[in-house]
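Down below is the structure, laid out as structure tokens.
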Amino acid sequence: MDGEPDLYIAGTWRHASDGGTRDIINPADGSVAAVVDEATPGDAREAVAAARASFDDGAWRATPIAERAALLDRIADLLQRDKEELATLETRDTGKTLAESRIDIDDVTSVFRYYAKLVGADGDCRVVDVGDPAVISRVIREPIGVCVLIAPWNYPLLQMSWKIAPALGAGCTMVAKPSEVTPLSTIAFVHLLEEAFQEFAVPAGVVNLVQGSGAVLGEALTASADVDFISFTGGLATGQTISKTAADNVTKVAVELGGKNPHIVFADVRGTGDGGGWDAAGDRGLTGVFLRSGQVCSAGTRLIVEESIADEFVAAVAARAAKITMGDGMNPASETGPLVSEQHRAKVEAYVELGISEGATLITGGARPTDPALAKGSFYLPTIFDRCDRSMRIVQEETFGPILTVERFTTEAEAIALGNDTEYGLAAGVRTSDMARGERVVRALRHGTVWLNDFGYYTASAEWGGFGKSGNGRELGPTGLAEYQEMKHIWHNTAPTAAGWFKN
Ligand code: TXE
């Protein structure tokens, strides 16, 4: 960053081999937040080769599990020590508020703590009875090998931590590539890792870091026969490209590709029962989509409301949406920041134009803010479209911006059908005070996470991932570790005999 080398390959920091750099823009005011090295495909190939050599050397995967667990715990300690620095970088880079960035760093810490415990507790072995007392049969887990970890720009360090923590815990080696839009926190984090690695004498090449354009580096990272596993979080089109490329080498791929997440609200939220009532439902409907200006893969962008309360409910949410305080994430008064870039705002604006042309009713937002203090940033007002239906692209496609669409239903069956009528399937929310109905609906919804009378939460110990085109594979939880492991069945005959099948 800013003249210091930013690529970390085989345990050495270096500049890009062609001297290339990229300006990293602060989306709150359009200023240059930092200048970072931009890797070439050759640099990316070297990073993969370094990870391969380090894995094949065998020293890292032979490290005792307890030591790997202690390393993860140490990384968690250092994350807390450097929390303010990392959170500030995240805010400058993504535009999110400092309060959110601090929560992100706490969440990153929890991920490392969780995998420290899980890895340490994992016996790694299942004994199988094959019906012959002379045979010792066991199934063990081994690290999958060289991993390529590609992260997006909305939760740069958090998404990367969901990959690096289990990969390290499993004994893999890796090449990490953050989004070229938001590499700053990951660069700082790899410096932190280096400090922990020195304390634990981790061999060179276990973690390698390149940053730069995915389109330019993609092939070097995903078409290599030296790569055993690719974990990708990002857009659907990129996930499809990576999956196709990886297929040539039959490389395992796990992809998390976003969502178009329904938030179903039944009329009985008026009650005071378990549903938490009207205000909580409206508040979660608002926060579920406008937190981080909708740049969240699990954002509740489709509000599906029972017809009898729809007018009043939507009016209440819209009134609050219009009062959200936008501003620079470093200003404690800001409730939400800008979109991540000018290009992304242009995409969101195109979706708003589309919604209008498709005949949806714009009831709030639909424009840039007029406050001159926000003129240099890529801000966009919280926007709500009422009277939407499933034929509209704004209801089907991920806009990844502060756009809420409203659909209405009259029966439970209709609500379920609407909730499942998406090619995605990452997350969904259900609001009701009727717990029997709540249980029926959450079970009927085909989504990876379903919240009943809540919205947006996750925890390191529960799996995260999607049905349908939201992706395949899971992150977090025990499955998030298993993705980085191969299973090996060892059949040991302690009293060898000839098979005697062939007579001559
Ligand atoms: O994502 P990309 P973009 C969605 C959201 C957004 C859309 C596009 O709808 O509007 O995706 O965003 C790297 N080979 N999500 O264009 O391109 C890239 O450098 C290898 C959902 O920013 O998918 C970055 O590191 N890598 C999402 C990462 O892929 C490639 C979060 C993601 O970028 C590559 C963000 C290639 N050919 C956006 N091309 C979520 N699931 O949470 C790009 N990359």
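Since the structure is predicted, the reported quantities are computational estimates derived from the model, not experimental observations. Counting starts at 1 for both ligands and their atoms, following the listed order.
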Could you check whether Lys163 makes a cation-pi contact with Tyr484, meaning its NZ or CZ is under 6.0 Å from the centre of the six-membered ring and within 45° of the ring axis? no
With hydrogens left out, which residues have an atom under 4.0 Å from ligand 1, given that only heavy atoms count? Ile150, Ala151, Pro152, Trp153, Asn154, Lys177, Pro178, Ser179, Glu180, Gly214, Ala215, Gly218, Phe232, Thr233, Gly234, Gly235, Thr238, Ile242, Glu256, Leu257, Gly258, Cys297, His344, Lys347, Glu398, Phe400
Can a cation-pi geometry be assigned to Arg61 and Phe55, taking NZ or CZ under 6.0 Å from the six-membered ring centre and within 45° of the ring axis? yes
Could you list the residues that satisfy ring pair (Phe, Tyr, Trp, His ring centres under 6.0 Å) with His344, not counting sequence neighbours? Trp153
Check whether Phe229 forms a cation-pi arrangement with Lys252 (NZ or CZ under 6.0 Å from the six-membered ring centre, at most 45° off the ring normal). yes
Do Thr336 and Ser293 get their side chains close enough for a donor-acceptor pair, meaning under 3.5 Å? yes
Distance alone, cut at 3.5 Å: any donor-acceptor contact between the side chains of Asp389 and Ser391? yes
